[in-house]
Amino acid sequence: MTLPPPTFGSAGEHHLQQQLGTADRAARFYDQQVRPHLTTEMRDFIGRQAMVFLATADTHGECDASFRAGPPGFVHVLDAHTLAYPEFRGNGVMASAGNMIENPHLGMLFVDFTHHHVGLHVNGVAHLYHDSDLRLIHPGLPTDVAPGRDPEMWVHLTVEEAYIHCSKYIPHLEPAPRPAGRDAARPKDADYFTQPHAAHWPSLP
C-alpha cells in the first residue's frame, strides 16, 4: 500500500527515501509521530527539562551547534505553538543568536538522560526580543528564570514541527551534585584547546 505524500520533511529527505526504499516507512513516521504543534505531553516534558541542544545556520548554510541550560522549565512553553527561552550574558560571541538574525530557522533537541530516556525535536522560526519587549506581548513570562541572572534577550520560537527522538540509543546518566567549590584541578575555560598548534598537535604528513 502506498501512503499519501507526507506533509513534513525536506526535499532532500524525500529524495533519499525514494532512493533507499524507505518512503512508506518514513511516511508512517510523519503521520504517527510528527506534529505541527506541541502536544500536552510534549509541553509537560519541556517544562521538566534543564537543558537543550540548539542547531542554527547562517544564510550560507554554515552550521553551528550549541547548548543551553538552566533550572527545569527555563525553556518556557507559552502555548501549543510557541516557546521562549532567555539568553544570558556569555562570551559575547552571539554565534547562535547571530545566525538567527540571518536565518531564523532554529532546531531544538531536548534529551532526558536520567528518567524516560527519550528526546524531543522542536523546529521552528525564531525571533529575538529584548526582555521588556517580550513581556509586553507575554506578561506571564517568569521573572526570575535563573536567580541572580537577568536575560540579555529572549529567543521566541514559533513551532513548525515537533517529534520524538528514538530512545533506543540514548545513554542512561546518573545525576551528580555540582561541586560546591571551584575545582583547583580544573583548567580555566580559556585554557581548554587553546595551546598553539605546533606545541600541541603533530604535523600532518
Side-chain angles (χ1 to χ4, degrees), residues 3-20 22-59 61-87 95-129 145 154-173 175:
L3 298 175
T7 56
F8 297 102
S10 68
E13 285 178 40
H14 302 314
H15 176 73
L16 283 177
Q17 291 161 14
Q18 292 296 331
Q19 279 196 332
L20 300 176
T22 66
D24 285 354
R25 181 153 43 101
R28 285 191 292 273
F29 175 82
Y30 294 137
D31 180 63
Q32 296 170 12
Q33 301 287 351
V34 186
R35 297 292 178 265
H37 61 274
L38 302 172
T39 66
T40 300
E41 293 79 10
M42 291 173 179
R43 295 166 69 173
D44 291 343
F45 180 81
I46 292 170
R48 296 192 299 269
Q49 303 313 301
M51 60 182 173
V52 64
F53 300 93
L54 306 178
T56 62
D58 63 17
T59 50
E62 300 285 343
C63 299
D64 186 76
S66 195
F67 170 82
R68 296 293 183 273
F74 80 100
V75 177
H76 190 63
V77 179
L78 296 168
D79 56 49
H81 299 276
T82 321
L83 296 175
Y85 70 87
E87 286 279 11
S96 298
N99 280 349
M100 292 177 214
I101 290 176
E102 294 188 40
N103 175 358
H105 296 284
L106 171 63
M108 306 178 75
L109 174 60
F110 300 87
V111 184
D112 179 348
F113 293 103
T114 62
H115 186 51
H116 293 293
H117 308 113
V118 295
L120 175 66
H121 295 259
V122 182
N123 300 324
V125 177
H127 188 86
L128 305 180
Y129 282 92
V145 182
W154 285 79
V155 176
H156 176 280
L157 183 78
T158 301
V159 176
E160 293 185 328
E161 61 179 20
Y163 57 94
I164 196 76
H165 184 94
C166 177
S167 63
K168 186 174 182 179
Y169 297 111
I170 293 177
H172 175 76
L173 304 181

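If you read the sequence from its start, that first residue is 1, and numbering goes on from there.
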Between [atom1] of [X] and [atom2] of [Y], what distance do you get to the nearest 0.5 Å?
{"X": "H37", "Y": "R43", "atom1": "NE2", "atom2": "CZ", "result": "9.0 Å"}
{"X": "L157", "Y": "M100", "atom1": "CG", "atom2": "CE", "result": "8.5 Å"}
{"X": "C166", "Y": "Q33", "atom1": "SG", "atom2": "CD", "result": "9.5 Å"}
{"X": "M42", "Y": "R35", "atom1": "CE", "atom2": "CZ", "result": "7.0 Å"}
{"X": "N103", "Y": "E62", "atom1": "CG", "atom2": "CD", "result": "12.0 Å"}
{"X": "R48", "Y": "D44", "atom1": "CZ", "atom2": "CG", "result": "6.0 Å"}

Please confirm whether the backbone N or O of [Y] pairs with a side-chain atom of [X], one donor and one acceptor, at under 3.5 Å?
{"X": "T22", "Y": "R25", "answer": "no"}
{"X": "E102", "Y": "T59", "answer": "yes"}
{"X": "Q49", "Y": "F45", "answer": "yes"}

So, D79 and T82: side-chain donor and acceptor under 3.5 Å apart, yes or no? yes
Shortest non-hydrogen contact between [X] and [Y], atoms and distance:
{"X": "V52", "Y": "V75", "result": "CG1-CG2, 4.3 Å"}
{"X": "R68", "Y": "S66", "result": "NH1-OG, 2.8 Å"}
{"X": "T114", "Y": "H172", "result": "O-CE1, 3.5 Å"}
{"X": "L106", "Y": "A55", "result": "CD1-O, 3.6 Å"}

Side-chain contact test, heavy atoms from C-beta onward, threshold under 4.5 Å: evaluate it for [X] versus [Y] and give yes or no.
{"X": "D24", "Y": "R28", "value": "yes"}
{"X": "F29", "Y": "Y163", "value": "yes"}
{"X": "L54", "Y": "M108", "value": "yes"}
{"X": "N99", "Y": "D58", "value": "yes"}
{"X": "S96", "Y": "D64", "value": "yes"}
{"X": "L78", "Y": "H156", "value": "yes"}
{"X": "M51", "Y": "F67", "value": "yes"}
{"X": "V77", "Y": "L38", "value": "yes"}

Parallel under 30°, tilted from 30 to 60°, perpendicular over 60°: which one fits the rings of Y85 and F74? perpendicular
Relative to the ring of F8, is the ring of Y30 parallel (under 30°), tilted (30 to 60°) or perpendicular (over 60°)? tilted
Heavy-atom neighbours of Y169 OH exceed 12 at 6.0 Å: no
Do any side-chain atoms of residues 120-128 form donor-acceptor pairs under 3.5 angstrom with protein atoms, and if so which ones, sequence neighbours left out?
| residue | atom | partner | partner atom | Å |
| --- | --- | --- | --- | --- |
| H121 | NE2 | H165 | ND1 | 2.8 |
| N123 | ND2 | E161 | OE2 | 2.9 |

